[in-house]
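Taking it in order: structure first as structure tokens, then the write-up.
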Amino acid sequence: MKRTDTIIIGGGQAGLAMSRCLTDEGIDHIVLERGRVAERWRSERWDSLRLLSPKWHTRLPGFRYQGADRDGFMTMPELISYFERYARSFSAPVQDETTVLGVERADGGYLVRTDQGDWEAPNVVVATGHCDVPFVPKAAVGLSPDVHQVVPSRYKNPDQLPNGGVLVVGASASGIQLAQEIHRSGRPVTLAVGRHTRIPRRYRGRDIAWWMEASGLLAERAERSFSLESARRQPSLQLVGTPDHRTVDLGVLQDDGIRLTGRLESTDGRRVRFRDDLRHNLDAAEDKLDRLLGRIDAFVDETIMGADAPERRPPIVTTDAPSELELGDAGISTVLWATGYRRRYRWLHVPVLNIQGEIIHDAGVTPAAGFYALGLNFQRTRKSSFIDGVGDDARFVADHIAQRFHRSSIAA
Ligand SMILES: Cc1cc2nc3c(=O)[nH]c(=O)nc-3n(C[C@H](O)[C@H](O)[C@H](O)COP(=O)(O)OP(=O)(O)OC[C@H]3O[C@@H](n4cnc5c(N)ncnc54)[C@H](O)[C@@H]3O)c2cc1C
């Protein structure tokens, strides 16, 4: 049995940021990672993916991008080497190739069982990722076995797909990027569009990430949101990071020749039905976009800062969306489920999960003393699950842990 003060589970950006903050506090700790540092960016992303955050927008505690291409977007190899350099910069105590199999209460703290032996500590931080396991709707079960099904974390490039057309389900960041890539490879693509967040890459002469940060939108506190639960379930932004800084929205995809439909409702063998809600979903996204850009405009007016005149792409006009498709007749051989992610904590035996299986927490602090979460969507602010946002939350959790030690040393 090995002992330390804090066990961090997961060696992605959240686990590393946490490790850096505990190092700064002088608190002994270990990062247990089942693969290698930044494992998900190594093994669960597609080949062509670039970050949708600009390079300057990848700041971590004590570390930032130092190159000349601040406004560019990192490829996966660049990002992995960025995280590796970060871990080396403060000699992060990462024990890789170590899978956590169980966490339970023990005398004075927690017992963490792994496939490389057991650990004990008074504090545990779960940093296993908001985008943990791909969510696939129940409708997938009704599809005929001869339809190939794939999720973004298993998709690498169009060449791995069987011949034929592709139905992409979900029009958030992953869905729009993969729909465009697959269509450009010469396959017909249909895109089923549910709730989504339309957003331009650039606005009034600057990258949208710059505006979202400068206007205070990204730092907006969770407790200020109208409904925290719905804020935490917001779909990812319809953004893509490319060297030409282009906007990819549903209008662009439709002009390319991608067919749009409403939300996928049900499947029966090779028959797939869609809701008649495409117009409604597009209008709702347009309203959300109005509010976002209105807020940026108000910020420009209030601060009297120099900015280009407002400009925006037109609302999306749709042609008739099919309500039903027979996949064989439509030449579709693959369904790609870009329908978001869930968290699965099968190894967690501390009573901190709600009925949906999510960790109950307030700003990452759970009801179990010394037990924390990091990297969750809207954990403390809108940017909590972003690379650039996790650092503030890690400092907050590290302070909490430091105060626990301080209190217990006074009590002793
Ligand atoms: C396709 C995609 C693109 C994204 N693009 C951006 C972007 O451009 N900008 C941005 O800011 N954010 C982006 N995000 C969001 C976010 O930054 C990522 O999800 C990021 O991976 C989250 O980092 P994390 O450290 O919280 O979790 P993860 O990166 O998921 O790290 C969790 C780690 O925990 C490990 N782990 C899990 N279970 C165990 C276990 N039982 N035992 C030991 N280790 C375990 C995993 O191997 C993994 O390394 C993107 C997300 C996705 C899915």
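Order of appearance sets the numbers: ligands from 1, and atoms from 1 within every ligand. Everything numeric in this text was worked out from a predicted model, so none of it was measured.
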Check: Can you find a non-hydrogen atom of Trp41 under 4.0 Å from ligand 1?
Finding: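 True for this residue.
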Checklist line | Any Thr98 heavy atom less than 4.0 Å to ligand 1 | finding: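 It does; at least one heavy atom falls under 4.0 Å.
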Ligand 1 atoms in contact with [X] (distance to a heavy atom under 4.0 Å):
{"X": "Ala127", "answer": "32 (C), 33 (C), 34 (O)"}
{"X": "Phe386", "answer": "11 (O)"}
{"X": "Ser53", "answer": "7 (C), 8 (O), 9 (N), 10 (C), 11 (O)"}

Give the contacting part of [X] toward ligand 1: side chain, backbone, both or neither, where contact means a heavy-atom distance below 4.0 Å.
{"X": "His57", "value": "neither"}
{"X": "Tyr345", "value": "neither"}
{"X": "Leu101", "value": "neither"}

For the residue pair [Y] / [X], report whether a side-chain donor-acceptor contact shorter than 3.5 Å exists.
{"X": "Ser144", "Y": "Asp146", "value": "yes"}
{"X": "Arg404", "Y": "Asn123", "value": "yes"}
{"X": "Ser266", "Y": "Arg273", "value": "yes"}

Item checked: Pairs touching residues 164-190 that satisfy salt bridge (Lys or Arg N to Asp or Glu O under 4.0 Å), sequence neighbours left out ->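 Qualifying pairs, neighbours excluded: none.
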Can you give each donor-acceptor pair under 3.5 Å made by side-chain atoms of residues 163-180, sequence neighbours left out, with the distance rounded to 0.1 Å?
residue: Gln177; atom: NE2; partner: Leu239; partner atom: O; Å: 3.0
residue: Gln180; atom: OE1; partner: Arg246; partner atom: NH2; Å: 3.3
residue: Gln180; atom: NE2; partner: Asp256; partner atom: OD2; Å: 3.2

Item checked: Chi angles and distances behind the salt bridge (Lys or Arg N to Asp or Glu O under 4.0 Å) call for Glu213, Arg59 -> CA-CA 13 Å; Glu213 169 162 288; Arg59 293 161 296 197; 2.6 Å; yes
